[in-house]
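Following: one structure in structure tokens, then a few remarks.
To find a chain, count down the sequence lines: A is the first, B the second, and so on, and within it residues start at 1.
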4 protein chains.
Amino acid sequence: MTEKQENILNAALELFANEGYNATSTNKVAKAAGVSEGLIFRHFGNKEGLLAALLKVGEDRFKSLYADIVMESDPEKIIRKAILLPFQVPESEYTFWKLQFKLKWEMEVDGKEKTEPLLRVLKYAFEKLGYAEPEKEASLIVFIHEGMSGAILKGVPIDKQAFQTFLLEKYNV
Amino acid sequence: MTEKQENILNAALELFANEGYNATSTNKVAKAAGVSEGLIFRHFGNKEGLLAALLKVGEDRFKSLYADIVMESDPEKIIRKAILLPFQVPESEYTFWKLQFKLKWEMEVDGKEKTEPLLRVLKYAFEKLGYAEPEKEASLIVFIHEGMSGAILKGVPIDKQAFQTFLLEKYNV
Amino acid sequence: MTEKQENILNAALELFANEGYNATSTNKVAKAAGVSEGLIFRHFGNKEGLLAALLKVGEDRFKSLYADIVMESDPEKIIRKAILLPFQVPESEYTFWKLQFKLKWEMEVDGKEKTEPLLRVLKYAFEKLGYAEPEKEASLIVFIHEGMSGAILKGVPIDKQAFQTFLLEKYNV
Amino acid sequence: MTEKQENILNAALELFANEGYNATSTNKVAKAAGVSEGLIFRHFGNKEGLLAALLKVGEDRFKSLYADIVMESDPEKIIRKAILLPFQVPESEYTFWKLQFKLKWEMEVDGKEKTEPLLRVLKYAFEKLGYAEPEKEASLIVFIHEGMSGAILKGVPIDKQAFQTFLLEKYNV
DNA sequence: CATGAATGAGTCTTCATTCAT
DNA sequence: GATGAATGAAGACTCATTCAT
């Protein structure tokens, strides 16, 4: 991975996340990255390839985000960790996650399958704790994630610290 | 509003909602609507004008959705109605709402200010009911809305009836 | 068929025939035709479509060229007409025929099937006249056509009148 | 001539002959040859240089093809050898000759001057044999060559052995 | 000798928009 | 109101070529 390749990826991430994939021309990316337009195609084949490279780089972030929680067996800890999840994303990664959200809507990129493991482990936790509707409880957590993260990423001001505490108390974890 | 004008709006709604605003050319809209491309510009000025017309038509939907709830004074009824809100959108309007969600991400179209009145009235209701964190409770409801509606509009299969009951019971309303 | 459409076709014919299909950019065609580049695509879809339109227009020329000969039943007249064939192409059509030859080589465009009917009728004629190898005689005529026409179209100076007489006498027709 | 240089020449010959010079990118040549694109330019200067090298290598083939015939003085043997000419090209050289034909049309590469010596010697032969139109007879032979060779190189199935005999008998040589 | 990163000009094509009819 | 021809700018992508290593 040469320096220019990284410049391209960074520029593309920034632009795709903020202006949208379709609204960002490869020309704009090249200029922002300080490289010739052709280089994008030499390295990533085509515009979609550039996007794919971006998503591939980010796949690890998904995994490291979920890894800790999916391994857990104590139901209370599962729920606790699930709630903490969105709050642990460092602000430096916001651009990447904004891209994820944008793509879910701009293209019809998956999204559903990515939350599957989380749903499963949450359902298991709520079952263990004797909740009447564990599956729905799990979904609810995910919905809250989506709604809240979306708001944060779009720049809605939220006292994250306080909201985190609020949620943890609500679930007694 | 002539018939052709409506054809254009319908075609545009369908295409913008499903393929995205940027990914939809005026040419595609014209073909889907069965009119000449020029007519779009005669009626709506430019592509943005077409989008604006679409959003304007939908503004009533926002209002009629919120009207009933904002007028309410009984706190329990407010919460009940707020929860019911997303479930009362008829499926025939899903395309329109999908467009709303898409635009929130594809362009950076507001969204925040639209939920403001709902947030206010919910905060008031939770206060009345003695909740410790009325503002956060209100936000939470809105986050759930966003998360759930997003999932539904993207086609994730959900037993809406059951989920509605689940939420109502959770809030004892 | 508007005037500009014809300008495009004429310019394309000229350029494709003289510089080659691949070596001619749509930009060059547009400039030569005095139209915007986009118009080419509006009318012909893409560069290949432009070529196809050119070939379609020329298909009649093939037919009218062969029609007279294929209908003939007198063997001597068949051969006579076959020999005269290349000499009857008016110089105004040379560009079109040059394109045909060029395409046979630049792309791998048919060519074989187009001469089929001519081969058949010639074989029949030579049979009738008692030639020992009617099929080869027919092929020979076609080879002579190809070789001679190719030379003429590439600008090799030939006394066509004299050569025509020479050939007719050779076959006693 | 290193091995890689030969790889390049072979790949280029194959590609230029089958897909055309303009339609073949140096990138494609490099990949087919299993070398870096830069190497092509180090060795051959530019794309045209590569083509020139190809033609230079093939020049011997022209010479060895014509050498025997041009030296001949017996008119009947001249004609006999001329007729045999195209049939003596080994199939392994077809790709090279296909390139020759392609170039004659795709670029406006000579071809005329190359047949000059053959024309001269044939004219001489026909004169000696008392033909009325020795110059035209010579041209005719060349036209037949062109037409027949073209057909063969384009893959039209021909019984070469039989056709050769047919021609030799036609000229009583 | 050989590579592969890098470039700038150019290619085909699409797009929003205008305008005469 | 409505069409369809026409445009110019921009879009994604390709290509021959250069150069540092």
Taking every non-hydrogen atom, the tightest pair across D/E93 and D/V89: CB-CG1, 4.0 Å

Closest to the 5' end of DNA chain E, once B/N27 and A/G34 are matched to their nearest nucleotides, is A/G34

Nearest heavy-atom contact between A/L9 and A/A53 is CD2-CB, 4.0 Å

Decide if atom NZ of B/K31 counts as having more than 12 heavy atoms of other residues, nucleotides or ligands within a radius under 6.0 Å. no

To the nearest Å, how far apart are B/N22 CG and F/dG11 C1'? 13 Å

Consider the side chain of D/K47, meaning its heavy atoms from C-beta on, and name the nucleotide among F/dA16, E/dT3, E/dA16 that approaches it most closely. F/dA16

With nearest nucleotide decided by heavy atoms, which residue, B/G38 or A/G45, maps closer to the 5′ end of DNA chain F? B/G38

Is the positively charged end of A/K104 above the ring of A/F101, judged by distance under 6.0 angstrom from the centroid and angle within 45° of the axis? yes

Please confirm whether C/K47 makes a cation-pi placement over C/Y21, using NZ or CZ under 6.0 Å from the six-membered ring centre and within 45° of the ring normal. yes

Integer-rounded Å distance: E/dC12 P and C/L51 CG: 13 Å

In a check of side chain to side chain contact (heavy atoms under 4.5 Å, CB included) between A/V35 and each of A/H43, A/R42, A/K4, which one passes? A/K4

Per B/F41 side chain, nearest of listed nucleotides E/dA2, E/dA16, F/dA2: E/dA16

Taking atom P of F/dG11 as reference, at what distance in whole Å does atom CZ of A/F16 sit? 13 Å

In this structure, how many angstroms lie between the P atom of F/dA6 and the NZ atom of C/K4, rounded? 6 Å

Whole-Å distance, A/K28 NZ to F/dG11 P, equals 7 Å

Under-4.0 Å side-chain N/O to phosphate OP1/OP2 contact, C/H43 with F/dG4: no

Could you give the CD1-to-P distance, from C/I40 to E/dC12, as a whole number of Å? 9 Å

Give one of base, sugar-phosphate or nothing for C/T26, where a contact means two heavy atoms less than 4.0 Å apart. base

Once you apply a heavy-atom cut-off of 4.0 Å, does C/Q5 come out as touching a base, just sugar-phosphate, or nothing? nothing

From CZ of C/R42 over to P of E/dT17, roughly how many Å is that when rounded to an integer? 15 Å

Side chain of C/S25 - closest among E/dC12, F/dG11, E/dA16: E/dC12

Using both pair distances under 3.5 Å as the test, note the stems of at least 3 consecutive Watson-Crick or G-U pairs that include DNA chain F. E:2-21 with F:2-21

Candidate nucleotides E/dT7, E/dA2, F/dT17, ranked by approach to the side chain of A/S36 - the nearest: E/dT7

Within the structure, does a side-chain N or O atom of C/T2 lie under 4.0 Å from either OP1 or OP2 of F/dA6? yes

Any ion pair linking A/E108 and B/K102 (charged N to carboxylate O, less than 4.0 Å)? yes

Whole angstrom is fine here: how far is it from NZ in D/K31 over to P in F/dC15? 10 Å

Among the nucleotides F/dC13, F/dA16, E/dT17, whichever has the atom closest to the side chain of A/N46 is F/dC13

Under a 4.0 Å threshold between the charged nitrogen and the carboxylate oxygen, would A/K114 count as salt-bridged to A/E146? no

